[in-house]
Amino acid sequence: MIVFLLAGGLGALIAFLAGLAFAGSARGVITLGGIGAVLVCVYHALLAAESLDPMSAQLFQAAGDANALGWLAGTILVARLRCLEWLEALHPQEAA
């Protein structure tokens, strides 16, 4: 269980920090989510190509899913933060 929590946290951390650094627009946030989806698809394709015993394959797949959910959570956090910044820029008097 701890491994899955760490994997999800790692995905969330990477997505959040990359989003803060590079996703300044709505297109950037959508691209961030798309990159996460592509990475998960590649991970699962590579996992399916390897011949692992069934128990190891299930553990790696669960870790990949936890990472994907973490990436999604990080992307949602960045989207929320950017939306709040954009709303503050649209209505500066209401924020004060």
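Hydrogens, waters and symmetry mates are skipped; everything else that's a heavy atom, side chains included, is used. Bear in mind the structure is a predicted one, so any value in this text is a computation, not a measurement.
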So, do Trp71 and Ile35 sit near enough that their side-chain heavy atoms are less than 4.5 Å apart?
yes
Side-chain heavy-atom pair Thr31, Phe22 within 4.5 angstrom cut-off:
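No, side chains not in contact.
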Kindly give the heavy-atom pair with the smallest separation between [X] and [Y], and that separation in Å.
| X | Y | answer |
| --- | --- | --- |
| Leu32 | Ala15 | CD2-O, 3.5 Å |
| Val29 | Ala79 | CG1-CB, 3.7 Å |
| Ala23 | Val78 | CB-CG1, 4.4 Å |

Ile14 side, atom CD1; Thr75 side, atom OG1 - distance, nearest 0.5 Å:
11.5 Å
In Å and rounded to the nearest 0.5 Å, what is the CD to CG distance from Glu85 to Leu81?
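Answer for the CD-CG pair, Glu85 versus Leu81, is 5.5 Å.
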Within one Ile-Leu-Val-Met-Phe-Trp-Tyr cluster: Phe16 and Leu13, side-chain cutoff 4.5 Å
yes
Are Leu46 and Val38 connected in the hydrophobic side-chain network, where two residues link if heavy atoms are under 4.5 Å apart?
yes
Donor-acceptor pair, Tyr43 side chain versus Ala68 backbone, under 3.5 Å?
no
Has the side chain of Arg82 got a donor or acceptor atom that lies under 3.5 Å from a matching backbone atom of Leu20?
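Here the side-chain-to-backbone pair exists.
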